[in-house]
Colleague: 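Let me begin by handing over the structure; questions about it come next.
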Amino acid sequence: MSVFPKKYGVIVVGAGHAGCEAALASARLGVSTCLLTINLDCIGAMSCNPAIGGLAKGHLVCEIDALGGEMARNTDATGIQFRRLNMSKGPAVRARRAQSDRLLYRLRMKEVIEGQPNLDVVQAMVARLLVKDGRVYGIETTIGQEIHGKKVVVTTGTFLRGLIHIGLKNFPAGRLGDPPSNKLSRSLKELGFDMGRLKTGTTPRLHGQSIDYSNLERQDGDSPPPYFSIMTDRIELPQRPCFITYTNERTHEIILKGLERSPLFTGVIKGVGARYCPSIEDKVFRFKDRPRHQIFLEPEGLKTVEVYPNGIATSLPIDVQIGMVRTIKGLENVKILRPGYAIEYDYCDPIQLRPSLETRLIRGLYFAGQINGTSGYEEAAAQGLMAGINAARAVKDEEPVILDRSQAYIGVLIDDLVTKGTKEPYRMFTSRAEYRLLLREDNAAHRLTPIGRQIGLVGDEQWERFKKKSSRFSQFMDLLKSQRLSPSTEINKWLSSIGSAPLKQGTTASELLKRPEVGLGDLCSFLNLPLPPSDIADQVEIEAKYQGYIKRQEEDVLKFRKWEGVRLPDYLDFSKIPGLSKEAVEKLSKVRPESLGRASRISGITPAAITAIQIYLKKMEPSDN
């Protein structure tokens, strides 16, 4: 047995999206950090689709950026198409999405990791965690080397006992081309963690030069590109279009005939798949009344012929995959470069975590990403960032940073996981956030950059950019409030031209902007006011038009925080509380909620149970006499 010559403050296991954010956060907070990966060439690899962001996921990316994380910057530097989604809907559900150059994304993240002070990168596979007296003190690799550290963050993605399925053939792998991590999974189970089995999948990769784009619907990105990071000034890379095509009845016939050799339908796959991202065979089987399903042909990069057909994830046999794709318009003569596949992997029920992402079972051990049952790059990166922050702060004997549901989508994500657990791959949606009008993409920096600055992750340049942007926003809001408007022929003629009612009494420009039909651009043009940059203009208009709704949600947040402020002591014995059912005692004892608010969100905990806890806590308070 050999021991690595250096001892670390934080060891991060896995260099996917969660691991990269965890390692960078820890190192940037001044803690000596070691990042372990099975393959140094796969740091930051995009194992599935080459895209970042999307509905609710884009919110997470903006929040990661606001706190000082890397994902947004890496996306902006390697993006080859940027779009804003849901622009016809309310501001709470609008989101950015970017296609990235898969190779450049990985290479740039590797460069950032390798250039980060306080961060060492080691190629090794972890065999087991080193634990003594209920506290982790390092890891042991598969070649018998121990690496010691005060805290360990595990971000293993799909590698824990990973098993790939293509038709009725299967083989161990963490992803196609990489070995699985079987020994670490066994180590976690031996330590007593409650583990389960999940499944995800990916599409076949197509040869772009064998695709006939001539009759397909072209989808270009937005111009100018709506980038993610406050640190980005412009998008440098050439932009590329996507194309849209569809499956058809012939496609569906081939898929249905192939189900007898599908690992999903023959019971070979035991893991639970993502309900909101089903395979094409699952979609065709479940929605037999639909004559077609949409497919987005997404370029994988600027210097590769590979194309990702988003919408046809599959684990069908390769001959069925070939027959299936060649029935699709534009793909009649297509060549498959890599087959689609499903992958099963182990995860640990996240109900075993504290809100800091430290495990309850082993002190100093943190989990982030798919090991917690989540799906998606963005969910993983958000968890990795928070786990890295909290592991580093624990090394320095500082309190953990815990974002609540009213502060960030990151708070919603982690609260959902540690309070409710999950039995299927968890995906973030805007509908999961009850205060989503307050948690918009456009105000992520306003909500979280001061927190990032306070904890030491937001550097001077980012802080100065944030202050400048905040100042311009405040100044413009003040300008609109100072502009007094009186009824006149001129203004009423203009209002009539845009379909708005005439003024009957004096008002301010900010009040006038509340009208749905009054746009900021038109208002500034009429008043001869300079229009601010688009990101500030969007925020100004949203804040004005939705002021009443925003105020109402802010009042709801005050009530929410009142419940969150009622702390439940660690030593609280729920079995001693009169009026709690056996089921309630069991669930509360398992989750160990830190607050009355969190207790109220546990599935099956009734208002009556919360009242019983309140009464018991009141009786526990020391008497004034």
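The basis for the numbers below is simple: all heavy atoms, side chains too, and nothing from hydrogens, waters or symmetry mates. Numbers here are sequence positions counted from 1.
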Colleague: Do Arg94 and Glu441 sit within salt-bridge range, that is, some charged N less than 4.0 Å from a carboxylate O?
Modeller: no

Colleague: Can you tell whether the side chains of Arg96 and Asp76 come within less than 4.0 Å, N to carboxylate O?
Modeller: no

Colleague: Between Arg465 and Glu461, does the salt bridge (charged side-chain N to carboxylate O under 4.0 Å, His left out) criterion hold? Intermediate values first, please.
Modeller: CA-CA 6 Å; Arg465 285 179 178 235; Glu461 183 182 356; 3.5 Å; yes

Colleague: May I have all residue pairs that pass ring pair (Phe, Tyr, Trp, His ring centres under 6.0 Å) and include part of residues 65-90, sequence neighbours excluded?
Modeller: none

Colleague: Can you confirm whether Met71 sits close enough to Leu385 that some side-chain heavy atom of one is under 4.5 Å from a side-chain heavy atom of the other?
Modeller: no

Colleague: Using 0.5 Å steps for rounding, measure from the CG atom of Leu413 to the CE atom of Met386.
Modeller: 10.5 Å

Colleague: Using a distance-only test with no angle check, is there a side-chain donor-acceptor pair under 3.5 angstrom linking Asn49 and Glu298?
Modeller: no

Colleague: Among pairs that include at least one residue of residues 14-35, which meet side chain to side chain donor-acceptor pair (under 3.5 Å), considering only residues two or more places apart or in two chains?
Modeller: Ser26-Thr33, Arg28-Glu70, Arg28-Gln116

Colleague: Given Phe367, which partner from the list Leu357, Thr155, Leu353 fulfils the side-chain contact (heavy atoms from CB on, under 4.5 Å) test?
Modeller: Leu353

Colleague: What's the spacing between Leu448 CG and Phe466 CZ if we round to 0.5 Å?
Modeller: 9.5 Å

Colleague: Identify, with sequence neighbours excluded, every residue that meets side-chain hydrogen bond (donor to acceptor under 3.5 Å, both in side chains) alongside Ser600.
Modeller: none

Colleague: Keeping the roles fixed (side chain from Tyr409, backbone from Met428), state whether a donor-acceptor pair exists under 3.5 Å.
Modeller: no

Colleague: Of the non-hydrogen atoms in Ser375 and Arg427, which two are nearest, and what is the gap between them?
Modeller: OG-CB, 3.8 Å

Colleague: May I ask you to say whether Arg360 pairs ionically with Glu594, meaning some side-chain N is under 4.0 Å from a carboxylate O?
Modeller: yes

Colleague: Distance alone, cut at 3.5 Å: any donor-acceptor contact between the side chains of Ser406 and Asp404?
Modeller: yes

Colleague: Quick one: does Pro238's side chain get under 4.5 Å of Arg240's, heavy atoms only?
Modeller: yes

Colleague: Return each pair, listed once, that meets ring pair (Phe, Tyr, Trp, His ring centres under 6.0 Å) where at least one residue sits in residues 471-514; pairs must be two or more places apart or across chains.
Modeller: Trp494-Phe526

Colleague: List for me each residue that meets side-chain hydrogen bond (donor to acceptor under 3.5 Å, both in side chains) alongside Asp538, sequence neighbours excluded, and say none if there are none.
Modeller: Arg84

Colleague: Using salt bridge (charged side-chain N to carboxylate O under 4.0 Å, His left out), reason through Glu543 and Arg440 one step at a time and then give a plain yes or no.
Modeller: CA-CA 11 Å; Glu543 291 285 342; Arg440 308 183 309 274; 3.0 Å; yes

Colleague: Within a radius of less than 6.0 Å around NZ of Lys562, do more than 12 heavy atoms belonging to other residues, nucleotides or ligands occur?
Modeller: no

Colleague: Please test Ile536 against Glu541 for side chain to side chain contact (heavy atoms under 4.5 Å, CB included), starting from the C-alpha separation and ending with a verdict.
Modeller: CA-CA 9 Å; Ile536 295 174; Glu541 193 155 2; over 6 Å; no

Colleague: Using modelled atom types only, decide if a donor and an acceptor are shared between the side chain of Arg552 and the backbone of Gly548 within a distance under 3.5 Å.
Modeller: no

Colleague: Taking all heavy atoms of Gly9 and all of Val395, pick out the closest pair and write down the distance.
Modeller: O-CG2, 3.4 Å

Colleague: Give a yes or no on whether a salt bridge exists between Arg598 and Asp415, defined as a side-chain N under 4.0 angstrom from a carboxylate O.
Modeller: yes

Colleague: Using a strict 4.0 Å threshold on nitrogen-to-oxygen distance, state whether Lys57 and Glu379 make a salt bridge.
Modeller: yes

Colleague: If you take all heavy atoms of Ile602 and Pro593, which pair is closest and at what distance?
Modeller: CD1-CG, 4.0 Å

Colleague: State, yes or no, whether a side-chain contact exists between Val93 and Leu55 at a heavy-atom distance under 4.5 Å.
Modeller: no

Colleague: On the six-membered ring of Tyr426, is Arg432 placed so that its NZ or CZ lies under 6.0 angstrom from the centre and within 45° of the ring axis?
Modeller: yes

Colleague: With sequence neighbours left out, what residues match Trp563 under ring pair (Phe, Tyr, Trp, His ring centres under 6.0 Å)?
Modeller: none

Colleague: Shortest non-hydrogen contact from Pro530 to Cys524?
Modeller: O-SG, 4.3 Å

Colleague: List in chain and number order the residues that pass ring pair (Phe, Tyr, Trp, His ring centres under 6.0 Å) with Tyr366, two or more places apart in sequence or in another chain; answer none if no residue qualifies.
Modeller: none

Colleague: Between atom CD of Gln407 and atom CG of Leu439, what is the distance when rounded to the nearest 0.5 Å?
Modeller: 9.0 Å

Colleague: What residue among Lys469, Lys467, Gln475 forms side chain to side chain donor-acceptor pair (under 3.5 Å) with Ser471?
Modeller: Gln475

Colleague: Taking the side chain as every heavy atom from C-beta outward, state whether Ile451 and Leu403 have any pair of such atoms under 4.5 Å apart.
Modeller: yes

Colleague: Would you confirm whether Gln99, through its side chain, and Ile80, through its main-chain N or O, come within 3.5 Å as a donor-acceptor pair?
Modeller: no

Colleague: Quick one: side chain to side chain donor-acceptor pair (under 3.5 Å) pairs with a partner in residues 508-529, sequence neighbours left out?
Modeller: Ser500-Arg515, Ser500-Glu517, Thr508-Ser510, Glu511-Lys514, Lys514-Gln547

Colleague: Salt bridge check, Asp556 against Arg561: does any charged N sit closer than 4.0 Å to a carboxylate O?
Modeller: no

Colleague: Got a sec, which residues hit side-chain contact (heavy atoms from CB on, under 4.5 Å) with Asn118, two or more places apart in sequence or on another chain?
Modeller: Ala27

Colleague: Rounded to the nearest 0.5 Å, how far does CG of Leu529 lie from CG of Leu480?
Modeller: 7.0 Å

Colleague: Which heavy atom of Met109 sits nearest to which heavy atom of Cys20, and what is that distance?
Modeller: CG-SG, 3.7 Å

Colleague: To the closest 0.5 Å, what do you measure between NZ (Lys150) and CD1 (Ile11)?
Modeller: 12.0 Å

Colleague: Applying side-chain contact (heavy atoms from CB on, under 4.5 Å), can you list everything that pairs with Gln553, at least two apart in sequence or on another chain?
Modeller: Tyr435, Leu437, Leu438

Colleague: Check whether any side-chain heavy atom of Leu512 lies under 4.5 Å from a side-chain heavy atom of Leu495, and answer yes or no.
Modeller: yes

Colleague: Which atom pair, heavy atoms only, marks the closest approach of Asn390 to Ser356?
Modeller: ND2-O, 3.2 Å

Colleague: For the backbone of Val121 and the side chain of Glu114, can you confirm whether one donor and one acceptor N or O come within less than 3.5 Å of each other?
Modeller: no

Colleague: Measure the spacing between CG of Leu485 and CG of Leu523 and express it to the nearest 0.5 Å.
Modeller: 7.5 Å

Colleague: Output all residues satisfying ring pair (Phe, Tyr, Trp, His ring centres under 6.0 Å) with Phe429, sequence neighbours left out; order by chain, then residue number.
Modeller: Tyr276

Colleague: Got a sec, which residues hit side-chain contact (heavy atoms from CB on, under 4.5 Å) with Arg83, two or more places apart in sequence or on another chain?
Modeller: Gln81, Leu85, Gln219, Asp222

Colleague: Taking everything shown except Glu111 itself, do over 12 heavy atoms lie less than 6.0 Å from its CD?
Modeller: no

Colleague: Could you check if a side-chain atom of Arg73 sits within less than 4.5 angstrom of a side-chain atom of Thr232, using non-hydrogen atoms only?
Modeller: no

Colleague: Identify whether the distance between the nearest side-chain nitrogen and carboxylate oxygen of Asp416 and Arg405 falls below 4.0 Å.
Modeller: yes

Colleague: Taking Pro350's backbone N and O only, do any of them form a donor-acceptor pair with Asn372's side chain (distance below 3.5 Å, no angle check)?
Modeller: no

